[in-house]
Engineer: 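This is the structure I have questions about; it appears just below.
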Amino acid sequence: MNEKYEPKAIETKWQERWEAQKLFKTDNEGAGEAFYLLEMFPYPSGKLHMGHVRNYSIGDVAARFLRMNGKNVLHPMGWDAFGLPAENAAIKNGVRPDLWTHANIDEMRAQLKTLGFSYDWDREIAMCDPEVYRWTQWIFVQFFKAGLAYKKKNPVNWCPDCETVLANEQVVDGRCERCGTEVGKRDLDQWYLAITKYAQRLLDDIDAKLGGWPDNVKLMQKNWIGRSTGAEVDFPVEGFGEKLRIFTTRPDTLYGVTYMVLAPEHPFVGPLTDGTEYAPQVAVFKDKLQYLNDIDRASTTLEKEGLFIGRYAVNPLNGARVPIYIANYVLMDYGTGAIMAVPAHDERDFEFARKYDLPVVPVVDPGNPELDLNNLTAAFVAEGTMVNSGPFDGLNNKDAIREITAYVEKQGFGQATVNFRLRDWLISRQRYWGTPIPMIHCETCGWVPEKEENLPVLLPEDVQFTGKGQSPLTTSKSFRETVCPVCGGPAEREVDTMDTFLDSSWYFLRYTDARNDERIFSDAAVRKWMPVDQYIGGVEHAILHLLYARFFTKFLYDIGYAPTDEPFTNLLTQGMVIKDGKKMSKSIGNVVSPEEIIAKYGADTARLFILFASPPEKELDWSDAGVEGSHRFLARVWRLCKAALDDAGGASPAPTPADCRGGILPPADDDAARALRFALHATIKKVTGDIGERYQFNTAISAIMELVNAAYKYKEADGNAALLREVCETLILLLAPFTPHLCEEMWEAYGHEESVLLAAWPAYDPAALEVDTQEIALQVNGKVRGKAVVPAGLDAQALAAHAQELPEVRALLEGKDVVKIVGVPGRLVNIVVKG
RNA sequence: GCCGGCGUGGCGGAAUUGGCAGACGCGCCGGACUCAAAAUCCGGUGAUGGCGACAUCGUAUCGGUUCGACCCCGAUCGCCGGUACCA
């Protein structure tokens with residue numbers, strides 16, 4: 001071993017050796033219990049950032065730990081390679097998107113290797129590879145065949161900057177998720193996936209099957225799916241042939257309806273007003289709304305505005321005649337686009353009623369004498385007793401929901417319904433750099449899928465990147481013109497490509513059998529590995545990616561391809577990397593580049609610091625001084641292990657770990673040695689639990705630091721060289737998942753020929769943790785008043801009894817009246833006294 | 001607004017779930033080594049009072065439950081995240 005810890009040479013040496021030995025290659029037939037460990041794959045932007053380093057360091061520690069524990073670990077990496085930046089580069093600089101992307105992939109792969117991550121590169125996939133997107137297209141065809149992919153003309157979210165449509169999920173605060181531009185609306189004919197058909201299952205399985213997911217992610221998905229139960233009720237309209245259907249979650253308030261509201265875009269608005277004196281005002285009102293963008297339209301702070309349209313509806317329950325309005329606060333794309341308004345019990349309706357002087361009829365009585373029901377100052381939305389509701393008076397309103405719904409159904413006025421907030425997934429994109437939608441339009445046969453044996457439908461290369469609102473594929477005549485797979489007549493290909501979220505919705509399945517060119521993956525392979533045992537990634541994917549991936553997996557399960565209908569058993573969402581209280585970003589200028597840190601301190605230091613600074617799921621506050629500290633620690637470990645090795649007579653003959661632990665080396669059995677052994681085995685126990693069960697790497701590292709401190713103390717006191725060597729040998733194993741290069745180098749110096757990754761994870765020896773006595777705290781009325789040494793293993797009662805005899809306790813109790821004594825084994829004795 | 005989460009030294013964070021608050025690291029202070037510095041090693045470091053063994057206070061604030069509360073309950077304040085006329 002060198003005198004000094006020099007990471008540069010060590011890291012390159014071991015990275016080359018690992019690669020040459022294919023150390024990280026995983027065999028589908030390999031021995032050991034299968035464990036699928038996955039980190040979210042990156043978009044190949046070209047440069048790794050600290051978020052990546054954190055995500056992949058967490059995964060790599062887990063992977064190496066599991067391997068050392070005898071698991072057969074699948075730990076793959078790939079590229080979410082389709083997407084806008086490549087296309088923008090093409091528009092701006094005329095670079096081919098595929099070349100641009102592959103250059104970035106090469107650069108990022110090299111960076112990942114300099115960090116020493118243990119990926120099986122033989123399974124690497126890039127979603128832009130035709131051999132991969134072939135299967136993305138195949139899945140789309142299966143969706144189509146199952147009736148779950150359809151084309152529909154609809155007002156869609158349109159990003160004027162990206163010049164493409166966006167899914168609801170990709171509109172964040174009324175802005176494009178990708179570029180931040182305000183999103184508008186356009187009427188377009190687009191492909192959808194019917195995710196709403198899976199809404200109930202996606203919701204139910206959150207509680208039924210996602211026990212290993214964080215609660216906040218589960219809640220976010222639940223809210224996003226947004227199930228609400230209620231009833232649809234038909235209101236006859238005076239002088240109009242059709243009934244007006246509304247959706248309500250509060251059928252108990254049906255007797256309190258004082259007006260109706262339609263969304264301005266509601267199809268009835270025209271027929272109800274055309275040719276009437278109200279028509280011009282209605283036109284003006286609708287016009288005004290058009291000028292509002294989505295952000296203002298959706299804002300709750302926008303003042304409610306409405307317009308009476310001159311017609312009346314009739315409440316089917318009590319025959320009340322109520323006016324019909326159109327208003328800006330009712331949306332066409334939820335429920336039926338029409339509501340019954342109950343101002344007494346809905347805040348929005350109340351606000352509107354006050355403004356337009358509409359009657360407020362209370363039907364739920366809170367039973368609060370201080371509240372004047374006939375002069376409400378705000379809507380009453382809580383529980384209460386039914387009033388003004390004919391036969392339902394006197395019921396609790398919760399019960400009335402059930403009773404009135406049943407009555408409505410019996411009378412044929414409507415029925416109980418469930419509504420979801422979740423919309424079908426719009427997947428068409430007017431872009432080049434994505435998976436072509438493998439559909440063909442034929443004048444006679446309509447939309448038909450490309451034959452599966454003809455997949456992939458390749459991206460054409462003879463396209464022009466104009467950057468204008470149409471898919472660049474439109475400009476390729478050779479692509480567009482084709483023949484109908486059904487009738488053989490002339491036909492046209494779909495020119496839009498797929499949302500890139502489709503790629504990430506199934507990539508994890510492909511890793512199980514990444515080189516299969518006949519099937520999306522073999523049954524045996526997917527059964528061997530799926531579901532992913534541990535998935536690790538950013539919480540920003542809590543809704544979009546994780547919901548889509550669940551949807552795809554359920555679908556593939558239903559058609560017999562996936563062995564489970566949930567993809568990810570356990571999920572760890574890692575926190576952001578921040579600096580000076582803000583997210584690292586170029587615009588703020590607080591970015592620390594991983595390359596810099598690796599160049600200065602080495603990959604091991606970077607990995608160690610990023611894991612030590614914070615528990616994985618929390619935010620990580622970057623600190624340059626902290627990095628320095630981590631580096632110092634590694635140098636300290638190096639010196640300790642070198643000294644221990646030299647003092648114990650060098651590497652030769654190389655003892656096996658078992659020799660070291662079992663004791664062919666001279667025994668040391670004094671108090672100091674026993675204390676160090678205790679520390680060693682307590683550390684093994686703690687680190688094993690922290691990595692294997694809790695995923696709390698920061699406390700695992702601090703425990704290792706404590707062991708190092710204890711070893712130094714022992715060494716300073718001229719401790720036994722053989723024991724010190726034994727401790728260091730185990731220390732190397734404990735640290736190996738975190739700082740693999742350093743540990744390989746030391747492991748080799750300690751006389752081992754095989755990689756430390758192939759060594760067995762140390763097991764703690766319970767015998768070393770046995771003690772005769774232990775120190776406990778002495779409390780009086782819950783306040784610590786002293787310490788005492790007591791025999792180990794006393795139960796609560798025996799401990800309390802023993803305590804009474806202790807001189808320390810007697811001293812504390814002088815002149816006091818003991819009420820009782822509480823003993824907590826191994827911890828403390830609390831003496832409760834009077835006065 | 002609604003739904004979550006969080007609030008602990010100068011800083012990052014421990015306290016494995018009701019049992020010795022502040023582990024570990026950073027920073028700072030002191031000592032050893034050195035001609036000197038760096039590096040390294042050792043020690044100290046929540047606040048207040050005391051030379052001192054020690055005492056009092058202390059986990060956002062106020063109150064409660066308990067022998068015992070950072071942890072459980074109630075109220076308040078602040079920050080973060082999700083979502084938002086979803087009927």
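Residue numbering restarts at 1 for every chain, and letters A, B, ... go by the order of the sequence lines.
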Engineer: Using a cut-off of strictly less than 4.0 Å, decide whether A:Arg636 has a side-chain nitrogen or oxygen near OP1 or OP2 of B:C42.
Structural biologist: yes

Engineer: Classify A:Gly629 by what it touches in the nucleic acid, base, sugar-phosphate, or nothing, heavy-atom distance under 4.0 Å.
Structural biologist: sugar-phosphate

Engineer: Identify the nucleotide, in any strand shown, that forms a Watson-Crick or G-U wobble pair with B:U40, with both distances under 3.5 Å; if there is none, say none.
Structural biologist: B:A32

Engineer: Using the C1' atom on both, measure B:G82 against B:G10 and round to a whole Å.
Structural biologist: 33 Å

Engineer: What integer number of Å spans the P atoms of B:G78 and B:C28?
Structural biologist: 36 Å

Engineer: Rounded to whole angstrom, note down the P distance from B:C67 over to B:A60.
Structural biologist: 24 Å

Engineer: Can you confirm whether more than 12 heavy atoms, excluding those of A:Lys642, are under 6.0 Å from its NZ atom?
Structural biologist: yes

Engineer: Rounding to an integer number of angstrom, what distance separates B:A21 and B:A55 when you compare their P atoms?
Structural biologist: 13 Å

Engineer: Report which part of the nucleic acid A:Glu619 touches: base, sugar-phosphate, or nothing (heavy-atom distance under 4.0 Å, all strands).
Structural biologist: sugar-phosphate

Engineer: Distance check, P atoms only: B:G7 and B:U59, in whole angstrom units.
Structural biologist: 13 Å

Engineer: With a non-hydrogen cut-off below 4.0 angstrom, is A:Lys218 in contact with a base, only sugar-phosphate, or nothing?
Structural biologist: nothing

Engineer: Mind checking if A:Asn709 touches a base, just sugar-phosphate, or nothing, with heavy atoms under 4.0 Å?
Structural biologist: sugar-phosphate

Engineer: Assess whether a salt bridge exists between A:Lys286 and A:Glu265, defined as any Lys/Arg side-chain N lying under 4.0 Å from an Asp/Glu carboxylate O.
Structural biologist: no

Engineer: Donor-acceptor pair, distance only, cut-off 3.5 Å: does the side chain of A:Asp424 make one with the backbone of A:Ile195?
Structural biologist: yes

Engineer: With rounding to whole Å, what would you report as the distance between B:G22 and B:U16 at their P atoms?
Structural biologist: 13 Å

Engineer: Between A:Asn223 and B:A84, does any side-chain N or O lie under 4.0 Å from OP1 or OP2?
Structural biologist: no

Engineer: Would you call A:Asp647 and A:Lys715 a salt bridge, taking side-chain N to carboxylate O under 4.0 Å as the test?
Structural biologist: no

Engineer: Find the partner of B:G68: check Watson-Crick (N1-N3 plus N6-O4 or O6-N4) and G-U wobble (N1-O2, O6-N3) distances, both under 3.5 Å, and reply none if neither fits.
Structural biologist: none

Engineer: Would you mind classifying the nucleic acid contact of A:Ser623 as base, sugar-phosphate or nothing, using non-hydrogen atoms under 4.0 angstrom?
Structural biologist: nothing

Engineer: Between B:G19 and B:G27, how far is it from one P atom to the other, in whole Å?
Structural biologist: 33 Å

Engineer: Contact class for A:Lys783 vs. all strands (heavy atom < 4.0 Å): base, sugar-phosphate, or nothing?
Structural biologist: sugar-phosphate

Engineer: Is there a donor-acceptor pair closer than 3.5 Å between any side-chain N or O of A:Asp795 and the backbone N or O of A:Ala798?
Structural biologist: yes

Engineer: Could you tell me which nucleotide pairs with B:U76 by Watson-Crick or G-U wobble geometry, both distances under 3.5 Å, or answer none if nothing does?
Structural biologist: B:A60

Engineer: Taking syn as within 90° of 0 and anti otherwise, name the glycosidic form of B:U17.
Structural biologist: syn

Engineer: For atom P, what is the distance between B:U48 and B:G9, given to the nearest Å?
Structural biologist: 15 Å

Engineer: OP1, OP2 of B:G27 versus side-chain N and O of A:Arg632: anything below 4.0 Å?
Structural biologist: yes

